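Counting starts at 1 for both ligands and their atoms, following the listed order. In this text the structure is predicted, and so the values were computed from the model without any measurement.
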Amino acid sequence: MNENHFLNRRNKLLDCMEEGVAIIASAPHLIRSNDSEYPYRQSSDFYYLTGFEEHNSILILSKSFTEIKTILYVEAYNAEYALWNGAKLGIEKARERFHVDEVRDSAEYAKEIKELLREHINLYIDLFDESEILIQAKAAAKALRETRGVKRHIHSIRDVTYLIRSLRLIKAAEEIETIKTAIAITAEAHHDAMRQCCAGMKEFQLQAAMSYVFLHRGAMNEAYGAIVAGGNNANTLHYIDNRDTLRDGDLVLIDAACEWELYASDITRTFPVNGTFSDVQKEVYEKVLDVQLRVIEAIRPGVKRDWLQTYSEELLCDALIELGILSGERSALIEAKEHKKYAPHGIGHWMGLDVHDPCPYVDESGESLAFEAGMVMTIEPGLYFRADDENIPERFRGIGIRIEDNILVTEEGYENLSAMIAKSMEEIEEMCKG
Ligand code: MN
Ligand code: MN
């Protein structure tokens with residue numbers, strides 16, 4: 001992605017800020033065990049504003065009544081670090097690359113933050129981040145308040161994440177292209193899993209088939225931990241064990257996807273282990289697919305997300321009545337949350353730099369947001385019938401089906417960004433034959 005995109009985003013954030021200083025820090029390294037670390041993943045908010053993937057970097061946006069200034073703190077070249085881990089970008093190269101007013105050495109941040117806050121009123125930070133960087137900033141603000149001759153001081157600490165995440169809600173063209181790249185690779189991985197699947201395989205072997213595609217195409221990270229759930233395992237919503245054997249006659253639910261330039265995709269497909277849907281599997285699959293298609297069809301600018309959620313629950317409840325799993329009046333069943341026993345999760349979520357993008361779902365008055373062009377969400381209805389549920393006809397027990405696509409809201413309505421992934425029963429059976 002071009003540096004200008006990141007510059008634009010910083011300028012938009014500055015437009016949203018009143019007078020003050022925003023401090024946005026990179027993610028810390030996390031220890032996995034003893035002295036080995038988890039693979040590093042940049043903070044989505046920091047990445048959104050910089051496109052920089054190094055840790056120990058800090059972005060400062062400073063807005064006074066007369067001047068705007070952007071400073072990026074990065075780690076200076078360190079021969080010892082370079083020997084073990086490879087060279088960091090360093091200050092000189094960072095100056096060439098980033099369209100910021102100044103690049104400084106992050107080792108100097110603690111000394112310099114006090115000067116940066118001098119004569120400012122608002123401090124914009126992540127209120128829930130207790131990192132050293134923000135502790136130092138607050139200590140500097142306190143010291144300034146106690147310093148003679150300082151006319152103005154910080155008297156309001158505000159949440160910068162809400163501003164950033166409100167911007168993140170509407171995806172620009174270059175973000176949509178990045179998401180499409182993630183989805184294209186994920187599509188190939190799902191198709192390979194369908195082609196390779198056969199009875200007797202282990203769930204992790206299907207996962208391996210997908211991981212191969214991700215890595216082979218240069219997508220170094222999954223967007224989230226893969227779910228490969230054969231048969232009744234699909235009824236554990238966050239099943240990530242993936243160690244069971246895939247059995248002839250069962251379905252397998254795969255919820256797995258990769259990340260591209262830190263942008264997520266999030267795709268679920270459910271297909272028969274032996275490549276052919278049984279009659280009862282067809283019966284349920286048809287219902288879930290019909291709900292999914294109808295919910296997607298309803299997406300267009302102006303539609304409220306709350307309405308879409310309610311609509312999807314009505315459709316799922318109807319499906320459960322038609323299958324003979326629930327009986328009675330739909331409204332009474334929904335009132336009693338009967339449908340939630342078999343369709344417990346929401347219809348979808350925002351997606352972007354985070355698979356569950358933490359963008360607002362309601363406006364500041366608490367009203368559900370209406371869709372606007374540029375929003376990206378998942379639509380993922382599911383029906384789950386546990387093997388041990390004696391309240392449902394026996395033939396349904398052990399079936400769990402979810403179908404998940406990634407949908408972009410457009411001016412005209414919507415675009416299903418993952419429409420190329422086999423989804424109808426005919427397409428799936430055809431793919432499984434390959
Ligand atoms: Mn998913
Ligand atoms: Mn999802």
inquiry  = At a threshold of 2.8 Å, where the distance has to be below it, does the Mn ion (ligand 1) have an N, O or S atom of Glu380 nearby?
reply    = no
note = the Mn ion (ligand 2) has as its nearest N, O or S atom from Glu404 the atom OE2
request  = Output yes if Asp255 passes the N/O/S-under-2.8 Å test against the Mn ion (ligand 2); output no otherwise.
outcome  = no
ask   = So, is the end of the Arg305 side chain (NZ or CZ) under 6.0 Å from the ring centre of Phe371 and within 45° of the ring's axis?
value = no
message = Can you confirm whether or not the ring centre of Tyr73 sits under 6.0 Å from the ring centre of Tyr109?
response = yes
ask   = Can you check salt bridge (Lys or Arg N to Asp or Glu O under 4.0 Å) on Asp306 and Lys304, steps first, answer last?
value = CA-CA 5 Å; Asp306 269 6; Lys304 290 201 169 169; over 6 Å; no
ask   = Would His349 count as a contact for the Mn ion (ligand 2), in the sense that one of its N, O or S atoms lies under 2.8 Å from it?
value = yes
message = Can you confirm if the aromatic rings of Phe271 and His191 lie within a centre distance of less than 6.0 Å?
response = no
Side chain Thr276, main chain Pro272, donor-acceptor under 3.5 Å = no
query = For Asp266, what is the atom name of its N, O or S atom nearest to the Mn ion (ligand 2)?
reply = OD2
